[in-house]
Structure formats: structure tokens, C-alpha cells
> 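First, the structure itself, so that you have it in front of you.
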Amino acid sequence: PFGTKIEKLSANIDVGAIELSGFDIGTGSIDTDVGAIAVSNVNFNDLDLDSDVGAVSVELVEPIEDYDISIKSDVGGIVVDGKNVKRSYSQKGGKDKRLRINTDVGGIEVK
């Protein structure tokens with residue numbers, strides 16, 4: 001339900017998309033073999049997203065400057081805060097929040 005806080009979230013999906021919305025996560029890890037990952041309206045402290053084949057989209061709740069971010073895509077475009085970047089992107093944030101995203105084949109968008 002909306003407003004729920006989950007201290008630790010872990011999901012492993014072989015085939016299928018996953019969408020997270022409307023709750024808070026302390027620490028989270030999502031892995032998909034084939035399938036997209038979409039995260040919106042989710043406050044988190046530490047989130048790892050891995051997709052072998054599939055796009056990843058994250059809408060941040062707090063300003064992007066608050067997050068330590070590490071992103072890598074072997075094949076696929078990366079857009080961070082409306083700007084196209086090459087195969088990887090990283091930044092140090094101003095708060096104790098971490099986001100890591102990795103795809104083998106698939107685009108990544110963080111906004």
C-alpha cells in the first residue's frame with residue numbers, strides 16, 4: 001500500500017517486467033534476466049538494479065544531487081537528468097543515498 005516502508009527488498013525475475021511505485025525502501029536489489037524495470041515515487045537509501053536484457057527507468061523522489069550514482073550499459077543509451085551520456089555515468093551525492101544500475105542490453109533513464 002501507498003506509504004509503506006520496506007526495510008529490505010530483493011527480487012529476481014527470469015522473464016517479465018517489474019514496476020515499483022508508491023512506497024519506501026531502505027535497501028533494495030532487483031535483478032531481471034529478460035524484462036524492464038521501472039521505479040517511480042519510491043524513496044530509497046540504497047538501490048541496485050540489474051537487467052541482462054531490458055530497459056531501466058528511475059524517477060527520483062529527491063533532487064539528483066543527493067544521490068551517489070553509478071550507471072553502466074554495455075549496449076543501450078543512458079539519459080541522466082535529461083542529458084545523454086555514453087556507456088557509463090557516475091556522481092557523488094550530497095546525502096547518504098546510493099543508486100546503482102547495470103544493463104547488458106537496454107537503455108537506462110534516471111530523472
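Just so we're clear, the structure is a prediction, and the values are computed from it rather than from any experiment.
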> Among residues two or more places apart or on two chains, list those pairs meeting side-chain hydrogen bond (donor to acceptor under 3.5 Å, both in side chains) that have a residue in residues 22-36.
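Of all non-adjacent pairs touching residues 22-36, those that pass side-chain hydrogen bond (donor to acceptor under 3.5 Å, both in side chains) are Thr32-Ser51.
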> With a 4.5 Å limit on heavy-atom distance, are the side chains of Val105 and Asp52 in contact?
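Result no, sub-4.5 Å side-chain heavy-atom pair not found.
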> Can a donor-acceptor pair be found, under 3.5 Å and without considering hydrogens, that links the side chain of Gln91 to the backbone of Tyr67?
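Yes, because the side chain of Gln91 sits within donor-acceptor range (under 3.5 Å) of the backbone of Tyr67.
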> What heavy-atom pair brings Lys5 and Ile25 nearest, and what distance separates the two atoms?
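In terms of heavy atoms, the two residues are closest at CE-C, 4.4 Å.
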> Are side-chain heavy atoms of Ile64 and Ile69 found at a separation under 4.5 Å?
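With C-beta onward as the side chain, the pair touches.
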> How many angstroms lie between CD1 in Ile30 and CD1 in Ile13, if you round to the nearest 0.5 Å?
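Going from the CD1 atom of Ile30 to the CD1 atom of Ile13 covers 8.0 Å.
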> Can you find a side-chain donor-acceptor pair between Thr103 and Ser73 that sits under 3.5 Å?
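Looking only at side-chain atoms, Ser73 and Thr103 do form a donor-acceptor pair, the distance falling under 3.5 Å.
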> Salt bridge or not between Arg100 and Asp68? Use side-chain N to carboxylate O under 4.0 Å.
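Judged by the 4.0 Å cut-off on N to carboxylate O distance, Arg100 and Asp68 do not form a salt bridge.
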> Can you find a side-chain donor-acceptor pair between Asn43 and Lys97 that sits under 3.5 Å?
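Result is yes, a qualifying pair exists.
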> State which residue, out of Leu20, Ile6, Val61, Leu60, fulfils the side chain to side chain contact (heavy atoms under 4.5 Å, CB included) condition with Phe44.
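In the set Leu20, Ile6, Val61, Leu60, the residue that makes a side chain to side chain contact (heavy atoms under 4.5 Å, CB included) with Phe44 is Leu60.
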> Is Val79 close to Val110 at the side-chain level, that is, under 4.5 Å between some pair of heavy atoms?
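They are not in contact (no side-chain heavy atoms under 4.5 Å apart), so the answer is no.
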> Would Val53 and Asp104 count as a side-chain contact (heavy atoms from CB on, under 4.5 Å) if you check the C-alpha gap in whole Å, the side-chain angles of each, and the deciding distance to 0.1 Å?
CA-CA 6 Å; Val53 179; Asp104 292 331; 5.8 Å; no
> State, yes or no, whether a side-chain contact exists between Lys72 and Arg87 at a heavy-atom distance under 4.5 Å.
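No, their side chains stay 4.5 Å or more apart.
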> Give me the atom names and distance for the closest heavy-atom approach of Thr4 to Phe23.
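Heavy atoms of Thr4 and Phe23 come nearest at O-CB, 3.1 Å.
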> Do you reckon Leu9 sits in the same ILVMFWY cluster as Val39, going by side-chain contacts under 4.5 Å, direct or chained?
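Result: yes, single cluster for both.
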> How many angstroms lie between atom CD1 of Ile101 and atom OG of Ser88, to the nearest 0.5 angstrom?
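Going from the CD1 atom of Ile101 to the OG atom of Ser88 covers 12.5 Å.
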> Can you name the nearest heavy-atom pair linking Ile18 to Ala11, along with the distance?
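Smallest heavy-atom distance, with atoms named: CD1-CB, 4.0 Å.
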> Once you round to the nearest 0.5 Å, how far does CZ of Arg98 lie from OG of Ser70?
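Atom-to-atom, Arg98:CZ and Ser70:OG are 8.0 Å apart.
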> Can you tell if the side chain of Ile108 reaches within under 4.5 Å of the side chain of Tyr89, non-hydrogen atoms only?
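They are not in contact (no side-chain heavy atoms under 4.5 Å apart), so the answer is no.
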